[in-house]
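What you are looking at is a predicted structure, and each value in this text was computed from that prediction instead of being measured.
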Amino acid sequence: MIARGLLLALLAFPANAQEAVVAPPAIPALPEGEAGHLLRMIAHARVAQGNCPGQTQTAAPFLLLAGAEDALVARMALDGAALDRVYAPVVAALEKPGFCAAEVPRIAPLLDMLVFWGGSLSLIRD
């Protein structure tokens with residue numbers, strides 16, 4: 001199981017993310033297996049975005065991914081332990097060679113899909 005502090009450090013808020021919001025995606029109803037797959041894709045993207053060299057973690061993509069994750073977690077009725085089980089293999093994979101090379105190119109298409117579902121990469125300041 002992932003230590004909660006480690007997971008929070010891996011997914012730390014980028015500068016100004018706490019001062020803004022983005023329009024969340026309206027993720028359509030998905031079969032359970034597809035919803036779980038989407039949640040794993042989001043976990044990979046969040047870990048890669050926050051930890052891979054050359055990734056500038058800006059507020060809008062961070063907030064869009066976090067909002068989509070929150071929606072899926074709520075829809076799937078997952079608790080903290082279940083979310084830890086989603087992130088554990090991702091965090092373990094971060095240490096393996098090739099993680100960043102494989103995962104970074106997948107971030108933009110995932111963000112595009114979330115925008116297609118009505119999410120936004122435009123910050124709304126409070």
Side-chain angles (χ1 to χ4, degrees):
M1 184 176 286
I2 302 171
R4 180 71 55 194
L6 173 61
L7 182 57
L8 292 175
L10 289 170
L11 303 176
F13 282 93
N16 300 324
Q18 296 169 337
E19 301 170 6
V21 295
V22 296
I27 299 171
L30 300 169
E32 185 176 328
E34 289 182 26
H37 179 71
L38 178 57
L39 182 59
R40 288 187 300 277
M41 289 172 57
I42 291 169
H44 279 258
R46 291 189 70 197
V47 170
Q49 185 184 50
N51 295 280
C52 291
Q55 289 301 294
T56 305
Q57 191 168 3
T58 59
F62 174 88
L63 291 168
L64 183 58
L65 290 169
E69 178 181 286
D70 289 347
L72 283 171
V73 166
R75 182 183 296 175
M76 297 169 69
L78 300 179
D79 61 10
L83 192 56
D84 282 349
R85 287 191 297 276
V86 171
Y87 272 94
V90 181
V91 172
L94 179 61
E95 300 299 321
K96 295 180 182 176
F99 175 85
C100 290
E103 297 303 326
V104 167
R106 296 177 179 154
I107 296 172
L110 177 58
L111 292 171
D112 289 345
M113 182 171 59
L114 297 174
V115 168
F116 177 77
W117 284 335
S120 173
L121 288 170
S122 298
L123 292 176
I124 303 167
R125 299 281 176 193
D126 289 339

Q. Stepwise, does the side chain to side chain contact (heavy atoms under 4.5 Å, CB included) test hold for V90 with R46?
A. CA-CA 10 Å; V90 181; R46 291 189 70 197; over 6 Å; no
**Q.** Non-neighbouring partners of A35 that pass side chain to side chain contact (heavy atoms under 4.5 Å, CB included), sequence neighbours left out
**A.** L30, L72, M76
Q | Distance, nearest 0.5 Å, that separates CZ of R40 from OH of Y87 | A | 12.5 Å
**Q.** Flag side-chain contact, heavy atom, 4.5 Å: F99 against N51
**A.** no
Q.
Is there a path of hydrophobic side-chain contacts, each under 4.5 Å between heavy atoms, that joins V91 and V104?
A. no
Q | For R75, side chain to side chain contact (heavy atoms under 4.5 Å, CB included) partners two or more places apart | A | I27
**Q.** Side chain proximity check, M113 to L38, heavy atoms < 4.5 angstrom
**A.** yes
Q. Are I42 and L121 joined in one hydrophobic group, where the rule is that I, L, V, M, F, W and Y side chains link up if heavy atoms are under 4.5 Å apart?
A. yes
Q. Roughly how far apart are L65 CG and L111 CG, rounded to 0.5 Å?
A. 5.0 Å
Q: Find out whether L64 and V115 are in side-chain contact, i.e. whether some heavy atom of one side chain is under 4.5 Å from a heavy atom of the other.
A: yes
Q. Sequence neighbours excluded, which residues qualify as side chain to side chain contact (heavy atoms under 4.5 Å, CB included) partners of P24?
A. none
Q.
So, using side chain to side chain donor-acceptor pair (under 3.5 Å) as the criterion, who are the partners of R106 when residues are at least two apart?
A. E103
Q: Might you point out which heavy atoms bring L114 and P25 nearest each other, and give the distance in Å?
A: O-CB, 3.4 Å
Q: Rounded to the nearest 0.5 Å, what's the gap from CE on M41 to CG on L110? Could you check?
A: 4.5 Å
Q) Minimum heavy-atom separation for P105 to C100, with atom names? A) CD-O, 4.0 Å
Q: Applying side chain to side chain contact (heavy atoms under 4.5 Å, CB included), name anything that partners A82, two or more places apart in sequence or on another chain.
A: L78, D79, R85
**Q.** salt bridge (charged side-chain N to carboxylate O under 4.0 Å, His left out): pairs with one or both residues in residues 91-101, sequence neighbours excluded
**A.** none
Q) Taking all atoms of both residues into account, what is the closest heavy-atom pair of A23 and I124, and its distance? A) N-CD1, 4.2 Å
Q: Over all heavy atoms of both residues, which pair between V22 and S122 is shortest? Give the atoms and the distance, please.
A: CG1-O, 3.7 Å
